[in-house]
Amino acid sequence: MPFPHASEALSRFTVLDLTRVRSGPTCVRQLADWGANVIKIDALTEDAGGEQPGGPRRGSDFQNLHRNKRAMTLNLKDERGLAVFKRLAAKADVVVENFRPDVKKKLGIDYESLAAINPRIVYGSISGFGQDGPYHKRPGFDQIAQGMGGLMSITGAPGEGPMRVGIPVADLTAGLFCAMGILTALLEREVSGKGQWVQTSLLQAQIFMLDFQAARWLMEKEVARQAGNNHPTSIPTGVFKTSDGYINIATTGGRIWERCAQAIGAPELYSHPDYATAPARSRNRDALNAEIERRTLTKSTETWVREFNEAGVPCGPIYAIDQMFEDAQVRHLGIAQEVPNDEGRHIRLVGQPVSLSRTPSRMVARPPEFGEHTDEVLKEFGLGAEEIAELKLARVV
């Protein structure tokens, strides 16, 4: 049976996945979810019983990162394994890796080596700090990138020290940016006929994600500081206690601030000289927040969400993850999706957050078991049964 494609959008492309842990698999997941023929290369040195870099193979993390792929085993440290990989690369469209920059050169699977046998190859690389430069050989981890990339200095409450974000944002965004770069290179290849090397790093991705906070320094020499739940420029915007929990309220501009003051039953705050203008609200932020919270404490979150929305004031509840998945709009969007599998296992994962009207992304295949499709893939690339048997006997696959 042919392997099902998650979408028709990228079904003409074959991707060799050499990635591990999170940033690389995040990149390749984007390609797999949009229908690329992704072949995950499992190293024979890994634990076939289940433990992987990033958790057990049947654990939620691994399952989330590796759906819609196939997998084969290959020993790249063996000359015969390297020869097999080059045969695959000669026909593939994309290779993605997140080794330390020096590792792929030692293995002989760097961009220059593969481009020599397939000039059309698009080669995606993710590293901690870049492919060259003074730190390029350092191992990179998400939290280190969050710290060096400036994010931890602006996250958390003032005076409480640096704080990491609750998701591996550097890993995830580096993966997404690499996928975007690969797709851009594939589009360009349709014009030039040539592949190219796509590079990003956790550090670059994290700095890019600072966005306007970085621009404040580059343009105005203003160093952003921790502001807790307060928005740095739109005031009042932040978290306020209610009678049974918390609520986010966001005001942008004087008109919405006027609606907010009316909705909380305090129209006098809008015309008060301490809060009448944006600069005044910025100077008196703490006092204004206290005035608002004194009112929000009188009603439940659900009541305030209804009343603020009726008044045209942006707001929302603050959910725990289980509550979020029960929200009516989240359920309507259908982003939590079942992954079909013949074993009847419970596999429910987050689907793509983008919809295409003609070629949507779907969950079509559970994450592969260790080397599950080795024979199948090798046959597709032209290896015969006898050759495959010899490779297995030599522990190359």
Side-chain angles (χ1 to χ4, degrees), residues 2-42 54 61-72 74 85 88-99 104 109 111 114-115 118 120-127 168 171-190 195-202 205 335 337 339 349-356 358-368 372-373 376-377 380-381:
F3 182 75
H5 291 273
S7 171
E8 292 302 313
L10 301 181
S11 60
R12 66 189 183 278
F13 298 115
T14 295
V15 178
L16 303 181
D17 178 8
L18 292 170
T19 68
R20 297 293 184 270
V21 192
R22 186 172 314 282
S23 62
T26 296
C27 167
V28 180
R29 178 177 61 190
Q30 290 301 107
L31 308 177
D33 279 2
W34 291 108
N37 172 27
V38 172
I39 301 164
K40 182 182 184 309
I41 309 295
D42 286 328
D61 198 7
F62 186 95
Q63 296 286 293
N64 182 48
L65 287 168
H66 296 289
R67 75 279 186 106
N68 292 330
K69 302 178 182 180
R70 291 186 292 174
M72 63 169 288
L74 189 61
F85 182 77
L88 303 183
K91 294 184 177 181
D93 297 283
V94 178
V95 171
V96 188
E97 58 83 23
N98 61 334
F99 299 123
K104 53 185 169 286
I109 56 170
Y111 171 67
L114 299 188
N118 180 0
R120 291 174 55 82
I121 200 76
V122 172
Y123 192 103
S125 293
I126 305 173
S127 60
D171 274 340
L172 297 174
T173 53
L176 294 173
F177 292 144
C178 189
M180 187 183 302
I182 288 167
L183 294 174
T184 302
L186 288 171
L187 284 171
E188 193 279 337
R189 191 180 73 173
E190 294 181 359
Q196 55 186 306
W197 190 6
V198 177
Q199 304 173 36
T200 190
S201 68
L202 306 191
I335 197 165
Q337 299 172 18
V339 182
L349 302 171
V350 175
Q352 284 292 318
V354 178
S355 60
L356 272 63
R358 287 190 299 102
T359 57
S361 172
R362 299 172 294 130
M363 298 286 190
V364 296
R366 60 158 174 75
E372 181 176 353
H373 305 96
E376 177 181 310
V377 169
E380 288 177 11
F381 279 82

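All values derive from a computational prediction rather than experimental measurement.
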Indicate yes or no: at least one non-hydrogen side-chain atom of Ile39 is less than 4.5 angstrom from one of Val15. no
Below 4.0 angstrom, N of the basic side chain to O of the carboxylate: do Arg120 and Asp93 qualify? no
If we only count heavy atoms from C-beta on, is the Val38 to Phe13 side-chain gap below 4.5 Å? no
Report yes if some heavy atom in the side chain of Arg366 is under 4.5 Å from a heavy atom in the side chain of Arg67; otherwise report no. no
Minimum heavy-atom separation for Ala92 and Ile121, please, with both atom names. O-CD1, 3.5 Å
Could you tell me whether the side chain of Thr359 and the main chain of Glu8 form a donor-acceptor pair under 3.5 Å? no
Looking at every non-hydrogen atom in both residues, tell me the closest pair between Ala179 and Cys27 and how far apart they are. N-SG, 3.6 Å
Testing the basics here: between Leu202 and Ala174, what is the closest heavy-atom pair and its distance to 0.1 Å? CD2-CB, 3.7 Å
Please enumerate all residues that pass ring pair (Phe, Tyr, Trp, His ring centres under 6.0 Å) together with Phe99, with sequence neighbours excluded. none
Between Tyr123 and Leu114, is any pair of side-chain heavy atoms under 4.5 Å apart? yes
Whether the side chain of Asn68 engages the backbone of Ala365 through a donor-acceptor N/O pair (distance < 3.5 Å, no angle test) should be reported. yes
Okay, side chain of His373, backbone of Met72: is any donor-acceptor separation there less than 3.5 Å? no
Let me see the working for Tyr111 and Lys104 under side chain to side chain contact (heavy atoms under 4.5 Å, CB included), right down to the final yes or no. CA-CA 9 Å; Tyr111 171 67; Lys104 53 185 169 286; over 6 Å; no
Taking Ser23 for the side chain and Gly175 for the main chain, is one N or O donor matched with an acceptor at less than 3.5 Å? no
Shortest non-hydrogen separation from Asn98 to Pro25 and the atoms involved: ND2-CD, 4.4 Å
Heavy-atom closest pair (Gly351 atom, Gln337 atom, distance to 0.1 Å) is CA-NE2, 3.8 Å
Minimal non-hydrogen separation, Ser7 against Ala9, with atom names: OG-N, 3.0 Å
Quick one: does any side-chain atom of Asn118 pair with a main-chain N or O of Ala89 as donor and acceptor, under 3.5 Å? yes
Intermediate values then yes/no, side chain to side chain contact (heavy atoms under 4.5 Å, CB included), Leu356 and Trp34: CA-CA 10 Å; Leu356 272 63; Trp34 291 108; 3.5 Å; yes
Donor-acceptor side-chain pairing of Glu97 and Ser125 below 3.5 angstrom: yes
Side chains of Phe177 and Ile182, heavy atoms from C-beta outward: is any pair under 4.5 Å? no
Are any of the side-chain heavy atoms of Leu74 and Asp42 separated by less than 4.5 Å? no
May I have the step-by-step check of side chain to side chain contact (heavy atoms under 4.5 Å, CB included) for Leu65 and Val21, ending in yes or no? CA-CA 9 Å; Leu65 287 168; Val21 192; over 6 Å; no
Does the salt bridge (Lys or Arg N to Asp or Glu O under 4.0 Å) test come out yes or no for Arg362 and Asp33, once each step is laid out? CA-CA 7 Å; Arg362 299 172 294 130; Asp33 279 2; over 6 Å; no
Reference residue Val94; test side chain to side chain contact (heavy atoms under 4.5 Å, CB included); the match among Leu16, Thr14, Leu186: Leu186
Do the side chains of Thr200 and Val198 get nearer than 4.5 Å, heavy atoms only? no
Can you spot which of Lys69, Lys40, Arg29 makes a salt bridge (Lys or Arg N to Asp or Glu O under 4.0 Å) with Asp17? Lys69
Rounded to the nearest 0.5 Å, what separates atom CG in Leu10 from atom CG in Asn37? 11.5 Å
Is any side-chain N of the basic residue among Glu372 and Arg70 closer than 4.0 Å to the acidic one's carboxylate O? no
Is there a side-chain contact between His5 and Val364 in this structure, where contact means two heavy atoms from C-beta onward sitting under 4.5 Å apart? no
